[in-house]
Number of protein chains: 2
Amino acid sequence: MAQFIAHCRARGLSVTPQRLAIYHALLTSSQHPSAEDIYRRIRRQHPTISLATVYKTLETLEQEGFISKVTPLHVTARYDANRARHHHLICVRCQAIEDFSTEALEHLPLPQEVTGSWRILDYTVQVLGLCRECQKKERA
Amino acid sequence: MAQFIAHCRARGLSVTPQRLAIYHALLTSSQHPSAEDIYRRIRRQHPTISLATVYKTLETLEQEGFISKVTPLHVTARYDANRARHHHLICVRCQAIEDFSTEALEHLPLPQEVTGSWRILDYTVQVLGLCRECQKKERA
DNA sequence: GTTATTGCAAACATTTTGCACCAGC
DNA sequence: GCTGGTGCAAAATGTTTGCAATAAC
């Protein structure tokens, strides 16, 4: 948390009670809360905080590399009729999704602690990166 | 497509032009369209179709196992302050998300065709399954 | 004092629902 | 004819934006 404050100072970001509370809520939660979850939790200490502030702060924290969205895709659902196991390349810039599949990822070694308690139905690898087009645009 | 029709008949699902068009649009698209994309594409042939029908049909197709959502998480964004590489166990029943990490998944062998054209920034494995609690409830 | 942040309200986008009409079986 | 599907409109949900008041620096 001291490191967080130092980082904010260094980057010219105000250190506000709201910002600290939001970051603290995320740090001390193991349940991948939604913006709404965080909002409800924080409201006890900060009764006037607004959901919009939570969203804005989460965006800032993500830009600064402190947190990440667990749903890296754009919010809108995307559908797929490809029924074979395959993985996704997701362009972080233009949101394009490309399939790939490879024998090398057919039988991932999931640890015993996972297979012991969960019943596994399926898995996919989500690779984040820049597609060929967006690499060009980044250089421009 | 013939197999699709046969499956619908066997399951007591009506074979409607709209349903066929939606499934066809998905089959012949490699770009993981959204509901809106499908809607716009189909409207040329079916000018009276509604977006609600597209959504309802997509849900049916998913239940029947013909398609899947590329965003398997619930629509709301979930956040994470864990900065180390880790993977997600997602319960398909209660939406819980649990982290796990293992040395075995630290350096996944991505194929040359991927690393050759995309600039890879990160990846995570998304495992879908039933958590311990929901396994119990399923049996009940 | 200046700049960034907050909190409100309103807008926006996506998805779901209720219901009357219609089509498939 | 019965059942399930469609299409419309309205509601619900999640997220973003504009802006004036306020707090951090």
Side-chain angles (χ1 to χ4, degrees), chain A residues 4-25 32-64 66-79 95, chain B residues 4-25 32-40 42-64 66-79 95 97:
Chain A
F4 174 69
I5 294 172
H7 177 105
C8 288
R9 293 254 148 76
R11 299 267 303 153
L13 297 170
S14 305
V15 177
T16 65
Q18 294 91 333
R19 194 163 276 175
L20 290 174
I22 291 166
Y23 184 55
H24 182 256
H32 302 279
S34 65
E36 185 79 35
D37 293 335
I38 295 169
Y39 172 62
R40 278 199 299 266
R41 184 161 158 200
I42 286 179
R43 208 149 42 147
R44 286 181 239 153
Q45 322 297 335
H46 301 267
T48 68
I49 201 170
S50 78
L51 190 51
T53 298
V54 175
Y55 275 107
K56 285 171 187 167
T57 304
L58 289 171
E59 201 186 332
T60 306
L61 293 179
E62 199 184 3
Q63 278 166 11
E64 296 297 314
F66 281 106
I67 64 170
S68 52
K69 275 194 186 174
V70 172
T71 353
L73 300 174
H74 192 253
V75 276
T76 61
R78 304 275 285 263
Y79 298 85
Q95 245 84 252
Chain B
F4 174 68
I5 294 172
H7 177 103
C8 288
R9 293 253 147 77
R11 298 268 302 154
L13 297 170
S14 304
V15 178
T16 65
Q18 292 91 333
R19 196 163 273 174
L20 290 173
I22 290 166
Y23 184 55
H24 182 257
H32 302 280
S34 65
E36 184 78 36
D37 293 336
I38 295 169
Y39 172 62
R40 278 199 299 267
I42 286 179
R43 206 150 44 147
R44 287 181 237 153
Q45 323 298 333
H46 300 266
T48 68
I49 201 170
S50 79
L51 191 51
T53 297
V54 175
Y55 274 107
K56 286 170 187 166
T57 303
L58 289 171
E59 201 185 331
T60 305
L61 293 178
E62 199 184 2
Q63 278 165 12
E64 296 296 314
F66 281 106
I67 64 168
S68 53
K69 276 194 186 175
V70 173
T71 355
L73 301 173
H74 193 253
V75 276
T76 62
R78 305 275 285 264
Y79 299 84
Q95 244 85 253
I97 303 175

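Numbered from 1 within each chain, the chains take letters A, B, ... in sequence-line order. Model, not experiment: these values are computed from the prediction.
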Quick one: what's the B/S/- string for nucleotides 20-25 of chain D, heavy-atom cutoff under 4.0 Å, read 5' to 3'?
----SS

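Following rounding to the nearest Å, B:Arg11 (CZ) and D:dT3 (C1') show an atom-to-atom distance of 16 Å. The distance between atom CD1 of B:Ile22 and atom C1' of D:dT6, rounded to the nearest whole Å, is 10 Å. A straight line from CD of A:Glu36 to P of D:dA12 spans 15 Å, rounded to a whole angstrom. Put simply, OH on A:Tyr23 is 17 Å from P on C:dT5, counting in whole angstrom units. In this structure, A:Arg43 places its CZ atom 13 Å from C1' of C:dG7, rounding to the nearest Å. Note: OH (B:Tyr39) to P (C:dT15) measures 14 Å, nearest angstrom.
Residues from residues 49-59 of chain A lying near DNA chain D, meaning a heavy-atom separation below 4.0 Å, are A:Leu51, A:Ala52, A:Tyr55, A:Lys56 in numerical order.
A parallel orientation is assigned to the rings of A:Phe4 and A:Tyr23, their planes being inclined by less than 30° (bins at 30° and 60°).
Here the side chains of B:Ser34 and B:Asp37 are in contact, with some heavy-atom distance below 4.5 Å.
Across all their heavy atoms, A:His32 and B:Ile97 have their closest contact at CD2-O, 3.3 Å. Residues B:His46 and B:Gln18 come closest through the heavy atom pair CE1-N, 4.4 Å. In plain terms, the two heavy atoms of B:Ile38 and B:Ala25 that are nearest each other are CG2-CB, 4.2 Å. When every heavy atom of B:Thr53 is checked against every heavy atom of B:Ile22, the shortest pair comes out as O-CD1, 4.2 Å. Here the shortest heavy-atom pairing between B:Val54 and B:Ala35 reads CG1-O, 3.7 Å. B:Leu51 and B:Glu36 get closest at one heavy-atom pair: CD2-OE1, 3.6 Å.
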